[in-house]
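Because only heavy atoms are used, hydrogens play no part in the values below, and waters and symmetry mates are left out as well, while side chains stay in. Protein chains get the first letters and strands the later ones, always in sequence-line order, with residue 1 at the start of each.
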There are 4 protein chains.
Amino acid sequence: MSPLNEEKLEQIHIQRVKEIKEAALKVFARKGISGTKMSMIAEEAGISQGLSYRYFKSKEELFIVLIQEAMEEADAAMKQIGQLPGTPMEQIRTLTQIILDESNKDAFLLIQQGKTANDVPEKARQIIEQYSAKDPIQGLVPIFVKGQQFGEFCAGDPYRLLLCYFSVITGLMLQEHQGDWTIDVDLLMKILKK
Amino acid sequence: MSPLNEEKLEQIHIQRVKEIKEAALKVFARKGISGTKMSMIAEEAGISQGLSYRYFKSKEELFIVLIQEAMEEADAAMKQIGQLPGTPMEQIRTLTQIILDESNKDAFLLIQQGKTANDVPEKARQIIEQYSAKDPIQGLVPIFVKGQQFGEFCAGDPYRLLLCYFSVITGLMLQEHQGDWTIDVDLLMKILKK
Amino acid sequence: MSPLNEEKLEQIHIQRVKEIKEAALKVFARKGISGTKMSMIAEEAGISQGLSYRYFKSKEELFIVLIQEAMEEADAAMKQIGQLPGTPMEQIRTLTQIILDESNKDAFLLIQQGKTANDVPEKARQIIEQYSAKDPIQGLVPIFVKGQQFGEFCAGDPYRLLLCYFSVITGLMLQEHQGDWTIDVDLLMKILKK
Amino acid sequence: MSPLNEEKLEQIHIQRVKEIKEAALKVFARKGISGTKMSMIAEEAGISQGLSYRYFKSKEELFIVLIQEAMEEADAAMKQIGQLPGTPMEQIRTLTQIILDESNKDAFLLIQQGKTANDVPEKARQIIEQYSAKDPIQGLVPIFVKGQQFGEFCAGDPYRLLLCYFSVITGLMLQEHQGDWTIDVDLLMKILKK
DNA sequence: AATGAATGAGGGTTCATTCAT
DNA sequence: TATGAATGAACCCTCATTCAT
């Protein structure tokens, strides 16, 4: 009734949306879109089955929103890299660690789902394509070239080398390291090193 | 008298089974088990919906058969490597190329589906586990050690290095190289090189 | 080609029809119409799946033909009874034994299926009704009345008593006497006796 | 606060379960298990196709639950008989009337379906066997013997006579008395009388 | 005439989505 | 707003029927 109440309601609303998105991300990332049931998301979020529909029109829309946000985050991370401290090598190592970090894992898995699964909403596909078109790797080329000049990186077509490198990274994300060993980033970077 | 001699019928039967398995492999590998509808397989194989059931009891059984065969093939490939010509480095390069080869891709993707999806038949999981227990990477350790002694490979725990290397390979398989560039195997092998 | 051949073919045809009908009767009687698969009939008859369709247009038609014949037989049996030797009591006992006889069992069970199941072809229902309208029990009334005069049968409305009696008989047919005891006909006839 | 207090929800739940069971009993009893489509039950209960599955895991489970309850009821009826007032003859007449009563008819028909149909779930078969093993007729023997001593019942093996009698009763249940005459119980009891 | 492979409509079941409370 | 019951479209699978041989 009172303005205060409305504001509070608004906050609850935002909070709910966040909870649902977090729950959905967790589930979508692991089970894919067709493997995910709305009831799983509801359970993960601790709410009732029907409630998500007050906040998201459909399972598809929820997926699309998550893809959108994941792509934005990934894009932002790629753009940040120039501002990171250290040599090009160190910058790329940091980026690699961010990507492989547990807390970002779900977002990357989600993107992977969006790229490979078949039952992905058309709109989600478009978003992915649109960001891919901006080609985040292209942005890394100058940094890599600098690294080549420093003698940190090996010779060769920078774009091609980076593409290969990030394919490897993305691939690694997709695997459940059931034994809880973690990849040694320096091992991966040998791909780029001299 | 015989409308179609038995041998001919038997051949047709085998042919059909093969067609269905090929179609199913293609679809399962890409869409996962729950993302795959029997109608997709039927369409891919150019047959009607019901016909698969003359040859396979269920979608599950079809998946299990495919997993079984894929694991056998993968296992055989791993075992062969010692007999390949060349130095350890060359042997592992050859193996890598076999794995990344387009014609084997689906089988590896299928295995990946079997490992990570959540709706995998229990029996398929058992088959995977049974082969994994044999730990094919373990079999490569002696070759790798020999390579280390030759000075071809870098120092470090052989098992751990190989595990990392093959995680990278597997990860690469999961990506649709939409642009039709192919990974440069020598780039990957830098991970193992001195 | 030759007339002899045609005649022979005709005989084979008749023989096949008979085999299929016998097989179908056996299965329909036990499993009902929806519980019976055409493949069961084919197996029972020792022929291939598709062959029945050369002789009968459909499962329904096959069922209808069998119902028709079973009703005709039942009707004939009822009509015969007056010609049987012995007193009315003995005649009805004989009729009872015929009905309960193993070799007629399937026909009676089939009729029962036709009366009670839901998925019975309309035409089968009509046939049953048409014979029921002729009311075979009505035909037994004179015999029963004679028995009453002889003092063999109890007093009471003859039609009603006979209806009750044959309901009992029919009911008994429906039960699988798993233990292989057989009903004592004289026990049943106490219903009619003085 | 509570949208609908829990008790109320619980009551609605129980009510729905009851409605579905009643509808299913009615249909199963008449059409058998394979003759019954879930859509028939849904229609009879006035609900949608999918709803039954909130209350019963499958058609099979629903059938099994109904068989279980029917057997329990039948067993209870048999056990009660000793407590009924009157002579043995009167007790058995009462039992007969209970069995033939319209309101119990479906339960008995269901049991009959469970006994004779071929597509009965294994578990349903087990339940029936388990109750049959308790052999309810055996429990009636003492009463029958008392009746023989009273001179109400005829001589002969009590078990055999009762078995025959109840076969007759069961058989009668299976028939649709399309004309709405009802069986005269005293007529049936002549089987047992002196 | 005979076989058995092939088709496709229909039934059981799941689950995204809506609705009554 | 929140719940969870209710709906119905879609998927897996069976089986009556047709078709190629």
Side-chain angles (χ1 to χ4, degrees), chain A residues 8-9 12-13 16 33-42 46-62, chain B residues 1-6 8-9 12-13 15-16 34-42 45-62, chain C residues 9 12-13 16 33-34 36-42 46-62, chain D residues 1-6 8-9 12-13 15-16 34-42 45-62:
Chain A
K8 201 160 177 192
L9 284 178
I12 290 175
H13 186 93
R16 269 274 182 270
I33 189 162
S34 78
T36 296
K37 293 158 201 169
M38 286 302 275
S39 59
M40 292 175 179
I41 295 173
I47 59 174
S48 71
Q49 285 220 33
L51 191 53
S52 308
Y53 288 87
R54 278 210 164 267
Y55 301 93
F56 298 93
K57 214 176 57 192
S58 68
K59 182 174 163 179
E60 278 204 359
E61 197 207 63
L62 184 45
Chain B
M1 205 30 72
S2 63
L4 244 68
N5 61 34
E6 277 199 25
K8 191 87 178 276
L9 278 180
I12 291 175
H13 186 93
Q15 177 61 19
R16 267 274 179 268
S34 78
T36 297
K37 327 281 175 219
M38 287 303 275
S39 58
M40 294 174 181
I41 294 173
I47 59 176
S48 69
Q49 293 222 25
L51 189 53
S52 310
Y53 292 89
R54 277 189 82 74
Y55 300 93
F56 298 93
K57 217 176 53 192
S58 67
K59 182 174 159 180
E60 277 205 0
E61 197 206 65
L62 183 45
Chain C
L9 283 178
I12 290 174
H13 187 93
R16 270 274 183 270
I33 190 162
S34 77
T36 296
K37 292 158 203 171
M38 286 303 275
S39 59
M40 292 175 179
I41 295 173
I47 59 175
S48 69
Q49 286 221 31
L51 190 53
S52 307
Y53 288 87
R54 280 210 161 267
Y55 301 92
F56 298 92
K57 214 177 56 192
S58 67
K59 183 174 162 180
E60 279 205 357
E61 197 206 64
L62 183 45
Chain D
M1 206 30 73
S2 60
L4 243 68
N5 60 32
E6 276 198 26
K8 191 86 179 277
L9 278 179
I12 290 174
H13 185 93
Q15 178 60 19
R16 265 276 180 269
S34 78
T36 297
K37 328 280 174 220
M38 285 303 274
S39 57
M40 292 174 182
I41 295 174
I47 59 176
S48 70
Q49 292 222 29
L51 189 54
S52 311
Y53 291 90
R54 277 188 82 74
Y55 301 93
F56 298 93
K57 217 175 53 194
S58 67
K59 183 175 160 179
E60 277 206 359
E61 197 206 63
L62 183 46

Taking only residues two or more places apart in sequence, or in another chain, which ones meet [X] in a side-chain contact (heavy atoms from CB on, under 4.5 Å)?
| X | answer |
| --- | --- |
| A/S52 | A/I20, A/M38, A/I47 |
| C/S48 | C/L51 |
| A/K37 | A/S39, A/M40 |

Take the protein atom [atom1] of [X] and the nucleotide atom [atom2] of [N], then report the distance between them rounded to whole Å.
| X | N | atom1 | atom2 | result |
| --- | --- | --- | --- | --- |
| C/M40 | F/dC15 | CE | P | 8 Å |
| A/I12 | F/dA2 | CD1 | C1' | 12 Å |
| A/E60 | E/dT17 | CD | C1' | 13 Å |
| B/M38 | E/dG11 | CE | P | 21 Å |
| D/L62 | E/dG12 | CG | C1' | 13 Å |
| B/H13 | E/dT3 | NE2 | P | 19 Å |

Requested in this report: For B/R16 and for C/S48, find the nucleotide of DNA chain E with the closest heavy atom, then tell me which residue's nucleotide is more 5'.
Outcome: C/S48

Query raised in the report: Going from CD on A/Q49 to CD1 on A/I41, what distance comes out if it is rounded to the nearest 0.5 angstrom?
Result: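 So the gap between those two atoms works out to 11.0 Å.
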
Query raised in the report: About how many Å separate CZ of C/R54 and CZ of C/R16, when rounded to the nearest 0.5 Å?
Result: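 So the gap between those two atoms works out to 12.0 Å.
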
Report task. Could you list by number each residue of residues 49-58 of chain B showing a heavy-atom separation from DNA chain E of less than 4.0 Å, or answer none if no residue does? Result ->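 Those residues are B/G50, B/L51, B/R54, B/Y55.
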
Query - With sequence neighbours excluded, residues passing ring-ring contact (aromatic ring centres under 6.0 Å, His included) with A/F56 - result: none

Query raised in the report: In which stems does DNA chain F show up, taking only runs of three or more Watson-Crick or G-U wobble pairs whose two distances fall under 3.5 Å?
Result: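 Looking at DNA chain F, the stems formed by three or more consecutive pairs are E:2-21 with F:2-21.
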
Query raised in the report: Touch check for D/S34, heavy atoms < 4.0 angstrom, all strands: base, sugar-phosphate only, or nothing?
Result: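 Counting heavy atoms under 4.0 Å across all strands, no contact is made by D/S34.
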
Would you indicate which nucleotide in [options] comes nearest to any side-chain atom of [X]?
| X | options | result |
| --- | --- | --- |
| B/K59 | F/dC13, E/dG4, E/dT3 | F/dC13 |
| A/I47 | F/dT3, F/dT17, E/dG8 | F/dT3 |
| C/K37 | E/dG12, F/dC15, E/dT17 | F/dC15 |

Report task. Would you name the heavy atoms of D/S34 and C/S34 that are closest together and state the gap between them? Result ->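 Minimum heavy-atom contact is OG-OG, 3.0 Å.
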
Report task. Over all heavy atoms of both residues, which pair between D/Y55 and D/E61 is shortest? Give the atoms and the distance, please. Result -> O-OE1, 4.4 Å

